[in-house]
Amino acid sequence: MSVYQTEDEQVEALKKWWKENGKSVIGGIVLGAAIIGGWQGWQGWQRSAGEAGSMMYDTLRQAVRSGQIDEAIEQGKRLIGEHGSSAYASFAGLDLARLAYQKGEKSAARGHLEWVADSAPDPTLREVARLRLARLLMDMGETDALAALLDQAPLQAFAGEFDVLRGDLARVQGDRAAARQAYLDALAAGVDDAAFVRMKLVDVGGEPPAG
């Protein structure tokens with residue numbers, strides 16, 4: 001199973017997060033400033049912290065692109081340590097998980113994903129981490145942990161991808177009927193790779209829906 005879909009997945013997730021949450025983040029900034037007063041001082045601090053996190057994350061990404069993996073890992077850990085409550089720290093955690101997975105350190109990757117799933121400041125980021133964690137647990141054969149994770153209702157935008165994993169788990173457990181239904185649910189909810197899910201459905205004796 002592919003835990004990481006494409007090299008650009010991180011950037012696409014960031015775009016999705018900002019598109020869905022940018023307005024609420026800005027609104028929260030304004031509200032917070034109004035509550036605590038001292039808009040000028042608070043705004044300056046927020047800008048400084050945001051810029052620092054952004055610069056550190058950019059350094060991490062540049063290190064990844066240039067193949068300086070140890071430098072990327074060090075930068076990611078530093079970013080999490082200094083700006084752990086920021087969205088940039090969450091993306092650093094996702095990157096650290098991917099780098100650990102590529103090095104064959106699946107347990108370390110699991111730890112990073114669990115941290116993001118628990119600590120990210122936004123539901124969309126937490127759900128990205130949960131989805132990757134679910135894929136990793138399947139890859140590791142941790143079926144009990146995966147079943148527990150799948151018991152939690154996902155955000156609607158991710159429902160189809162989690163349904164695919166429910167189908168995969170059911171197939172591993174020998175429940176072809178449950179697998180067929182999960183794959184059908186996934187196709188109905190919408191998934192990134194519908195053709196692949198249709199193949200899985202056929203593999204467990206199902207018939208893809210028309211259209």
Side-chain angles (χ1 to χ4, degrees), residues 1-21 90-91 93-118 120 122-211:
M1 169 173 289
S2 175
V3 178
Y4 298 96
Q5 301 298 302
T6 69
E7 288 295 322
D8 294 329
E9 185 184 20
Q10 198 89 31
V11 176
E12 290 305 314
L14 179 56
K15 290 178 181 178
K16 179 178 181 180
W17 178 83
W18 184 254
K19 180 179 179 181
E20 295 185 0
N21 300 279
S90 298
F91 279 95
L94 294 174
D95 272 326
L96 290 177
R98 178 170 57 84
L99 294 173
Y101 182 83
Q102 290 174 347
K103 293 172 64 176
E105 299 172 356
K106 295 182 180 181
S107 293
R110 177 178 178 176
H112 290 305
L113 291 174
E114 289 174 338
W115 179 80
V116 178
D118 291 337
D122 180 85
T124 302
L125 290 176
R126 293 195 295 271
E127 205 73 331
V128 169
R130 283 205 330 121
L131 179 59
R132 292 188 184 181
L133 176 59
R135 290 170 176 165
L136 177 60
L137 291 173
M138 174 62 75
D139 186 56
M140 296 174 69
E142 296 282 354
T143 55
D144 289 342
L146 176 58
L149 188 155
L150 292 177
D151 280 341
Q152 305 171 42
L155 295 179
Q156 186 58 42
F158 294 82
E161 301 300 338
F162 278 100
D163 283 333
V164 174
L165 285 160
R166 289 188 180 89
D168 292 343
L169 178 59
R171 182 174 58 178
V172 168
Q173 294 174 332
D175 191 342
R176 290 166 63 88
R180 287 194 295 271
Q181 186 58 56
Y183 292 143
L184 286 170
D185 291 342
L187 291 170
V191 292
D192 288 337
D193 193 345
F196 187 44
V197 177
R198 286 171 179 268
M199 290 175 59
K200 291 186 177 212
L201 176 59
V202 171
D203 190 52
V204 292
E207 183 176 344

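Source: prediction; values computed, not measured.
The shortest heavy-atom contact between Asp168 and Tyr183 is OD1-OH, 2.6 Å. The two residues Arg166 and Leu150 have their closest heavy-atom pair at NH2-O, 2.8 Å. Between Ala194 and Leu187, the shortest heavy-atom distance links the atoms O-CD2, 3.7 Å. When all heavy atoms of Pro154 and Ala159 are compared, the closest pair comes out as CG-CA, 3.9 Å. Smallest separation of non-hydrogen atoms from Pro209 and Leu201: CD-CD2, 4.3 Å. Across all their heavy atoms, Val204 and Ala179 have their closest contact at CG1-CB, 4.2 Å.
Taking the salt bridge (Lys or Arg N to Asp or Glu O under 4.0 Å) definition, one finds that Asp193 meets it with nothing, sequence neighbours left out. By the salt bridge (Lys or Arg N to Asp or Glu O under 4.0 Å) test, Arg180 pairs with no residue at all, sequence neighbours left out.
Note that CD of Gln173 and OG1 of Thr143 are 6.0 Å apart. Values are rounded to the nearest 0.5 Å. Separation of atoms CD (Glu161) and CZ (Arg132) is listed at 12.0 Å; rounding is to 0.5 Å. Rounding to the nearest 0.5 Å places CG of Leu146 at 9.5 Å from CG of Asp151. Taken from CD in Glu127 to CZ in Phe162, the straight-line distance is 4.5 Å, to the nearest 0.5 Å. To the nearest 0.5 Å, atoms CZ (Arg130) and CG (Leu125) are separated by 13.5 Å. The distance from atom CG of Leu131 to atom CG of Leu165, rounded to the nearest 0.5 Å, is 6.5 Å.
In the displayed structure, Gln156 atom CD is contacted under 6.0 Å by at most 12 heavy atoms of other residues, nucleotides or ligands.
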Tabulate below the donor-acceptor pairs under 3.5 Å that side-chain atoms of residues 106-118 make, not counting sequence neighbours, or state none.
{"residue": "Lys106", "atom": "NZ", "partner": "Asp139", "partner atom": "OD2", "Å": "2.8"}
{"residue": "Arg110", "atom": "NE", "partner": "Glu114", "partner atom": "OE2", "Å": "3.1"}
{"residue": "Trp115", "atom": "NE1", "partner": "Ser119", "partner atom": "OG", "Å": "3.3"}

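Under the 4.5 Å side-chain criterion, counting only non-hydrogen atoms from C-beta, Leu155 is not in contact with Arg126.
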